[in-house]
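Every number for a ligand or one of its atoms is a count from 1 in the order of the listing.
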Amino acid sequence: TARLPAAISYLLLSPFSPLFHLSLGGGGKGKSWKWKDMLRFPHISQCMELAKTLERDYYSLCVKQPIGRQLFRLFCQSKPELRHCISLLDKMGEYEVKSDKEKRMVTPSFSTSRACTSTCIWTFVYDHKCLTPVTVYFSPPRQPVTKYIFRQYRMLGKGGFGEVWAFQARASGKMYACKKLEKTHVKKGRGEAMALNEKQILETLNSRFVVSLAYAYETKHSLCLVLTIMNGGDLRFHIYNMGTSGLEQDRVQFYAAEVCCGLHHLHQMNIVYRDLKPENILLDDNGHIRISDLGLAVTLSEGNLVRGRVGTLGYMAPEVIGHKYYGMSPDWWGLGCLVYEMTAGRSPFKGKGERLIGKEMERRIQEEEEEYGNIFNNETKDFCRLLLNKDPRHRLGCQGSGVYGVKSHPFFRTINFRRLEAGVIEPPFKPDPRAVYCQDVQDIDEFSTVKGVILEKTDKDFYVKFNTGSVAIPWQTEMIEMGCFKELNVFGPQGSRPPDLDW
Ligand code: ADP
Ligand code: MG
Ligand code: MG
C-alpha cells in the first residue's frame with residue numbers, strides 16, 4: 001500500500017462525515033424513505049404510445065441499455081426453450097475476457113455457435129413481439145430534475161465557472177459529482193456555447209474511461225452537470241503531491257492504457273478531446289481513471305478537420321500552436337506528454353519549477369527535441385518519441401492503423417486491452433478510502449454571483465437546451481447498481497408474468 005504524505009488530510013469515517021456516505025458503494029444504502037414514490041413507474045397502459053416510438057433493435061434494446069439487458073435475460077430465463085441460450089451468452093461473455101492463453105484451451109466449436117445463438121434469440125423474441133412490454137420500462141420517469149432530487153455534501157473542486165460538489169441521488173442513494181456552472185459567470189465569460197457543447201458531447205458518450213453524464217438541469221443560479229464521481233484525485237496530484245515525483249512503471253502503463261481506451265471511444269465518435277493533461281485525468285475509488293472536463297472537445301463532421309488554438313499551453317501540439325488544420329492528432333501528442341510527465345515527474349518542455357513565458361514554451365514545443373533521462377526505459381522512450389513527433393502525419397496514432405498502432409506498441413506489451421476494456425483488470429494502485437486526494441478545498445474561494453450581469457429572455461433559450469434531465473443509460477445503471485430495479489421490476493423473480501400482460 002502507498003504511503004500518504006502530510007499534504008493529504010484525513011477524515012474519520014463517522015456517519016456524520018460526508019465521506020462516510022461517499023464510501024457506501026452499492027447495495028442501496030442512503031435511499032430516501034420515500035424512494036419508491038420518487039421512482040414510481042407509469043402504469044404499462046400509459047406506455048403503449050411510447051413503446052411504438054422506440055427503436056426495436058437487438059443491440060440497442062438487449063445489449064446497450066442496462067435495464068433492457070436485464071429484462072431480456074429475465075424473459076429468456078422464463079422460457080425453458082430459451083434458458084440454454086442465456087447460459088451460452090454468459091459463457092460467451094466469459095470467453096471474451098479470457099486471456100489469450102486460456103482462450104487457446106477452449107474448444108473451437110464454441111466460437112461458431114455464438115453467432116447462431118444471438119440470431120436465434122433475436123428472431124424468436126422479435127417474431128413473438130415480446131419486446132413491447134420490455135421496452136416500456138426503459139425510460140426514466142418523466143419527472144423534472146431539480147435540486148430536490150439530490151443531497152449535497154462536500155466540495156470536490158473548483159472550475160472556471162463554478163464549484164464541483166459531491167451529490168447523492170435521494171431516491172437511489174448513488175453518489176455523483178455535480179459540476180455547477182454559475183449562470184452569471186457563464187454569461188460574463190461568454191461560456192454558453194462551451195457549456196452546451198460539453199453537455200451535448202457528454203450525453204452521447206458511454207465509456208468506462210470517460211466520466212458519464214447522468215443528469216443535466218438548472219436551478220435559479222446555476223446550470224448543473226451531474227457526473228460520475230471520481231474520489232481518488234487527479235493524476236497531477238498523484239504525480240507531484242504523493243512524496244515522490246513521477247509514478248511507477250506499472251501505473252504509467254495502466255493509466256496510459258485506460259486513457260488510450262478513452263481516446264479510442266471519443267475518436268470513434270469523431271470527437272477530438274484537445275485537453276489531455278494530468279489534471280483532467282481523475283481516479284475513482286478503485287484506482288481506475290476516467291477522462292474528464294470535455295469543455296474543449298469538438299465533434300468533427302465526417303472526414304473534416306478543424307482549426308483552433310485551444311488547450312492548455314504546455315500540452316498543445318505543434319499543429320495547434322501553428323494554427324494548422326487537424327483531426328485527432330493533438331490527442332496523441334497529448335498522450336505522449338502525459339506518459340512523459342508520469343514517468344519523469346515533469347512535463348517534456350519545461351524543467352522542474354522552471355517559469356516560462358508563453359512564447360518560449362511555444363518555441364520549444366515547435367522546435368526543440370525533448371530529452372530523455374535514464375529514468376526512461378527503451379520502450380517508454382520510443383513510445384513517447386513516436387507520439388511527440390512534431391509532424392502529425394508521422395505521429396503514432398495518426399497513421400493508417402490509428403489507435404491499433406498505439407495499442408500494439410511494445411510499451412503496452414503487458415496490457416491485455418480486451419480485459420482492460422471489460423473492466424476486469426485490477427488497478428495497480430488503490431486510493432486510500434480515508435484520504436482526500438486534493439489540496440485543501442477550504443482554501444478555495446466560494447463562488448458568488450457576478451454583480452451587474454443581468455439574465456435575460458435570450459439566456460432562457462439556452463438554459464432550456466441545457467436542462468434535459470436524466471440521461472437514459474447512466475440512469476438505468478443507477479437503478480440496477482443501487483438495487484432499485486430489482487425491487488421495482490414488476491416482472492417478478494423468475495420472470496413471472498404480470499396478470500395484465502400478453503407475453
Ligand atoms: P473546468 O472545466 O471549469 O476546468 P472541471 O471539469 O475541470 O472544470 O472541474 C473542476 C474541478 O472539479 C476539477 O479539477 C476536479 O478537482 C473537480 N472535479 C471535476 N469533475 C469531477 C468528478 N467527476 N469527480 C470528482 N471531482 C471532480
Ligand atoms: Mg478543468
Ligand atoms: Mg473545462
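Sequence neighbours left out, the pairs with a member in residues 280-311 that pass ring-ring contact (aromatic ring centres under 6.0 Å, His included) are Phe254-His288. For the salt bridge (charged side-chain N to carboxylate O under 4.0 Å, His left out) condition, the pairs that include at least one residue of residues 347-357, sequence neighbours left out, are Glu354-Arg364.
In this structure, Arg363 pairs ionically with Glu368, as a charged nitrogen and a carboxylate oxygen lie closer than 4.0 Å. Comment: Lys187 engages Asp459 in a salt bridge, judged by a side-chain N to carboxylate O separation of less than 4.0 angstrom. We find that Glu341 and Lys277 are not joined by a salt bridge, their nearest charged nitrogen and carboxylate oxygen being 4.0 Å or further apart. Taking a cutoff of 4.0 Å between a charged side-chain nitrogen and a carboxylate oxygen, Arg236 and Asp234 do not qualify as a salt bridge.
Checking only distances, Phe161 never comes within under 3.5 Å of ligand 1, N or O to N or O. Between Met230 and ligand 1, an N or O atom pair is found at a separation short of 3.5 Å. Not one N or O of Glu198 is nearer than 3.5 Å to an N or O of ligand 1, by distance alone. For ligand 1, the polar-atom distance check finds no N/O of Ser292 at less than 3.5 Å from any of the ligand's N/O atoms.
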query: side-chain hydrogen bond (donor to acceptor under 3.5 Å, both in side chains) between Lys147 and Thr219: does it pass, once the steps are laid out?
result: CA-CA 7 Å; Lys147 63 177 179 182; Thr219 66; over 6 Å; no

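For the ring pair (Phe, Tyr, Trp, His ring centres under 6.0 Å) test with Tyr340, the passing option among Tyr315, Phe349, Phe376 is Phe376; the others fail. Considering Leu263, Asp275, Asp331 as possible partners of Ile291, the one that fulfils the side chain to side chain contact (heavy atoms under 4.5 Å, CB included) test is Leu263.
Taking the six-membered ring for Trp and thresholds of 30 and 60 degrees, Tyr404 and His264 have ring planes more than 60 degrees apart, a perpendicular arrangement.
Listed by chain and number, the residues in a side chain to side chain donor-acceptor pair (under 3.5 Å) with Tyr217 amount to none (sequence neighbours excluded).
Contact of the Val272 side chain with the Leu300 side chain is registered, since non-hydrogen atoms from C-beta on lie closer than 4.5 Å.
Ranking the protein heavy atoms by distance from atom 10 (C) of ligand 1 puts Lys158 O, 3.4 Å first. The nearest protein atom to atom 7 (O) of ligand 1, hydrogens excluded, is given as Asp293 OD2, 2.9 Å; this is a heavy-atom distance. Of the protein's non-hydrogen atoms, the one nearest atom 21 (C) of ligand 1 is Leu282 CD1, 3.5 Å. In terms of protein heavy-atom proximity, atom 18 (N) of ligand 1 is closest to Val164 CG1, 3.8 Å.
Each of the atoms 1 (P), 3 (O) of ligand 1 lies under 4.0 Å from some heavy atom of Gly160. Taking every non-hydrogen atom of Lys179 and a distance limit under 4.0 Å, the qualifying atoms of ligand 1 come out as 1 (P), 2 (O), 5 (P), 6 (O), 8 (O). Close approach to Gly159 involves these atoms of ligand 1, each under 4.0 Å from a residue heavy atom: 1 (P), 3 (O), 8 (O), 10 (C).
Under 4.0 Å from ligand 1, the heavy atoms of Ala177 that appear belong solely to its side chain. For Thr228, every heavy-atom contact with ligand 1 shorter than 4.0 Å involves the backbone, none the side chain.
Note that atom 23 (N) of ligand 1 has protein non-hydrogen atoms nearby, at separations under 4.0 angstrom.
Each protein N, O or S atom less than 2.8 Å from the Mg ion (ligand 2) was counted, giving 1.
The number of heavy atoms from other shown groups lying within 6.0 Å of NZ (Lys430) is above 12.
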